[in-house]
Protein chains: 2
Amino acid sequence: MYSLSEENYLKAIYHLEQQATAEVSTNAIAERMQTKASSVTDMIKKLADKDLLTYKKYKGVSLTDSGTRTALRIIRKHRLWEVFLVEKLQFKWHQVHDLAEQLEHIQSQELVNRLDDFLGNPQYDPHGDPIPDSEGNIKRRDKKLLGQLEANQSATCIGVKSASDDFLKYLSKNNIGIGSKLNVQEAEPFTGALTVKVGETTLFLTKEIANNIYVTLIKS
Amino acid sequence: MYSLSEENYLKAIYHLEQQATAEVSTNAIAERMQTKASSVTDMIKKLADKDLLTYKKYKGVSLTDSGTRTALRIIRKHRLWEVFLVEKLQFKWHQVHDLAEQLEHIQSQELVNRLDDFLGNPQYDPHGDPIPDSEGNIKRRDKKLLGQLEANQSATCIGVKSASDDFLKYLSKNNIGIGSKLNVQEAEPFTGALTVKVGETTLFLTKEIANNIYVTLIKS
DNA sequence: ATATATTTTTAGACTTGTCTAAATTATAGC
DNA sequence: GCTATAATTTAGACAAGTCTAAAAATATAT
Ligand SMILES: [Mn+2]
Ligand SMILES: [Mn+2]
Ligand SMILES: [Mn+2]
Ligand SMILES: [Mn+2]
């Protein structure tokens, strides 16, 4: 259907559109794709020709419905394969991204739907990100950043903002994962650092770390 | 490591080498790859530069040790993914080849070894072909063609020579699969056709069909 | 409002893998 | 051994995707 490169661009643009308010800029895409702005210009022209996005010179791009649907199909595959790798092949959550980056390009609707069933129709991937259904519907939960919590509040970890290797390894080392219960003991107002109790142990988390962990509050 | 195209060529050349006695010819590769001879010439020069095969102009090619090892790694992946698709995702044996053709190019030694374990270290793929181990060792069984049997001999189906969609579907329809017990009732000497009992039913198989089914004799 | 800096696009080139058409080498028939 | 045919290689082209360097458009600052 679409080339590997086209699919990677669509996915990148989709993710950028989720964060940004306005049109997605050439440079933003270039940075995310680790490529040059001139390459991006070339590619977005092709994608515009295929009606996957709208493009006005110098004004950035935004995905069409068709482009969004296509991006979501790739993201669905990416996240389902990640679940497979963690649940069935016992990979750790920091090892699966690059593999899913390859597996997401396997072409077969039938395969992805059977995989979905085989995995028990999971709702979230190993990093807490929601898995679009076969129609492209995606659930959005309201979530807070751990860094926004105050002293004595409790929350459950439901995701991570950055899924970089080192960050995920750091969390694992400190026994923080999806579903972990986190009790904020103290919130240092000046630095934004937190003292957090995870199970029996008490951790000191910098503001940067705390602002990369998504949680939902536990009412008490 | 190697491009998708390079991997497909290596695999094709490996399979051709298994059948042929001498060097593999440019045209033989072209036919198998559904491509033009001139494209083959271009590619085999590249593969020769990378020491994956030896090539003398107009004299055909043969894989080096490195080339053979690489081909076997791809074939291992192909067959393991086929087992996954059939055993875990309930695909039929005639549906898995094209998917495995894509999946075999996923780059990760770790993934293929974990997949192997997850599947219980299978020895044969859904078409009866042996799966190379992680060192590239491949078992060769001695097998006969069903067409070589005589009346009153019994045999177990252990593989197929051609794995074309239609052929596999034909076999399934007639309840022949890997492990099926086949009793030759009658062998028509002129046409080479066989009358074969499979379970309770008696089938009439043409010479062409019978010569595409691998079996091992059951001593009686 | 104009000059400067930044962003984006264009022009031209390169690599990979493919093709067609033409030239070359090998093979087979006699 | 010579000739016709078949197999193979070469030459030149093309599409996809990327790059560098230069030009054009936009944004920013005074
Ligand atoms: Mn990808
Ligand atoms: Mn993920
Ligand atoms: Mn393949
Ligand atoms: Mn097979």
Side-chain angles (χ1 to χ4, degrees), chain A residues 1-14 16-17 19-63 67 70-71 74 101-102 104-105 107, chain B residues 1-14 16-17 19-63 67 70-71 74 101-102 104-105 107:
Chain A
M1 193 72 178
Y2 299 110
S3 75
L4 189 135
S5 224
E6 289 172 329
E7 291 195 343
N8 283 335
Y9 271 95
L10 286 175
K11 197 159 60 93
I13 295 166
Y14 174 87
L16 290 168
E17 236 176 20
Q19 303 174 318
T21 49
E23 314 299 282
V24 177
S25 77
T26 302
N27 267 2
I29 301 170
E31 193 189 359
R32 187 164 178 124
M33 300 277 303
Q34 304 270 61
T35 186
K36 301 295 167 181
S38 55
S39 307
V40 174
T41 303
D42 288 342
M43 180 55 88
I44 60 187
K45 282 179 186 169
K46 284 179 213 162
L47 296 176
D49 283 347
K50 298 186 180 183
D51 286 317
L52 293 164
L53 50 78
T54 56
Y55 166 54
K56 280 226 193 84
K57 268 192 198 177
Y58 296 101
K59 298 295 177 189
V61 301
S62 73
L63 293 179
T70 307
I74 303 158
E101 205 59 43
Q102 297 182 59
E104 71 189 357
H105 303 289
Q107 299 291 355
Chain B
M1 193 74 179
Y2 299 110
S3 75
L4 188 136
S5 223
E6 289 173 328
E7 291 195 343
N8 284 335
Y9 271 95
L10 286 175
K11 197 159 60 93
I13 295 166
Y14 174 88
L16 290 168
E17 237 177 20
Q19 303 173 319
T21 49
E23 314 299 280
V24 177
S25 77
T26 301
N27 267 2
I29 301 168
E31 192 188 1
R32 190 169 173 117
M33 300 278 303
Q34 303 272 59
T35 187
K36 301 294 166 183
S38 55
S39 306
V40 174
T41 303
D42 287 342
M43 180 55 87
I44 60 187
K45 282 179 186 169
K46 285 180 211 160
L47 297 175
D49 283 346
K50 298 186 180 184
D51 286 316
L52 293 164
L53 49 79
T54 56
Y55 166 54
K56 280 228 192 84
K57 268 192 199 176
Y58 296 99
K59 298 295 179 190
V61 301
S62 72
L63 293 180
T70 306
I74 303 158
E101 206 59 43
Q102 297 181 59
E104 70 189 358
H105 303 289
Q107 300 291 355

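Here is how names work: the chains are called A, B, and so on, in the same order as the sequence lines, proteins then strands, and each is numbered from 1.
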- Message: On the nucleotide C/dT6, are OP1 or OP2 found under 4.0 Å from the side-chain N or O atoms that A/Tyr58 carries?
- Response: no

- Query: If you draw a 6.0 Å radius around CD in A/Glu31, do more than 12 non-hydrogen atoms from other residues or ligands fall strictly inside?
  - Reply: no

- Task: Report yes if a side-chain nitrogen or oxygen of A/Lys36 is closer than 4.0 Å to either non-bridging phosphate oxygen (OP1 or OP2) of D/dG17; otherwise report no.
- Result: no

- Which whole-number value in Å describes the distance from B/Leu4 CG to C/dG17 C1'? 11 Å

- Note on the structure: Between the NZ atom in A/Lys36 and the CG atom in A/Asp42, the distance rounded to the nearest 0.5 Å is 14.0 Å

- Message: Check the phosphate of D/dC19 against A/Ser39, side-chain N and O only, distance under 4.0 Å to OP1 or OP2. Yes or no?
- Response: yes

- Message: Any carboxylate oxygen within less than 4.0 angstrom of a Lys/Arg side-chain nitrogen, looking at B/Lys56 and B/Glu23?
- Response: no

- Message: Would you say A/Lys45 places a side-chain N or O within less than 4.0 Å of OP1 or OP2 belonging to C/dT10?
- Response: yes

- Expressed in angstrom and rounded to an integer, what is the separation of A/Glu6 atom CD from D/dA16 atom C1'? 9 Å

- Message: Whether B/Tyr9 contacts C/dT18 is assessed here as follows: a side-chain N or O lying under 4.0 Å from the phosphate OP1 or OP2. Is that the case?
- Response: yes

- Could you state the CD-P distance from A/Glu31 to C/dT8, rounded to the nearest angstrom? 12 Å

- Could you give the CG-to-C1' distance, from A/Asp42 to C/dC14, as a whole number of Å? 13 Å

- To the nearest angstrom, the CG-C1' distance between B/Asn8 and C/dG17 comes to 12 Å

- Message: Would you say B/Ser5 places a side-chain N or O within less than 4.0 Å of OP1 or OP2 belonging to C/dT18?
- Response: yes

- Query: Looking at OH of A/Tyr2 and CG of A/Leu10, how far apart are the two atoms once the value is rounded to the nearest 0.5 Å?
  - Reply: 8.0 Å

- Is there a side-chain polar atom (N or O) of B/Lys46 under 4.0 Å from OP1 or OP2 of C/dG17? yes

- OP1 or OP2 of C/dT8 sitting under 4.0 Å from any side-chain N/O of A/Tyr55? no

- Message: Once you apply a heavy-atom cut-off of 4.0 Å, does A/Thr26 come out as touching a base, just sugar-phosphate, or nothing?
- Response: sugar-phosphate

- Task: Taking only the side-chain nitrogens and oxygens of B/Tyr2, find out if one of them lies under 4.0 Å from OP1 or OP2 of C/dG17.
- Result: no

- Phosphate oxygens OP1/OP2 of C/dT8: is one of them under 4.0 Å from a side-chain N or O of A/Asn27? yes

- Query: Tell me: NZ of B/Lys56 to C1' of C/dA26, nearest whole Å?
  - Reply: 16 Å

- Note on the structure: Output for pair (A/Ile13 CD1, A/Asn8 CG), nearest 0.5 Å, gives 11.0 Å

- Item | Rounded distance [0.5 Å steps], CD in B/Glu6 versus CG in B/Leu52 | 7.5 Å

- Task: Among the candidates D/dT26, C/dT10, C/dA26, find the nucleotide nearest to the side-chain atoms of A/Ser38.
- Result: C/dT10

- Nearest-angstrom distance from the residue atom NZ of B/Lys59 to P of C/dT24: 18 Å

- Interatomic distance, B/Met43 CE vs D/dT8 P [rounded to whole Å]: 18 Å

- Message: Tell me whether the side-chain N/O atoms of B/Thr35 come closer than 4.0 Å to OP1 or OP2 in C/dC19.
- Response: yes

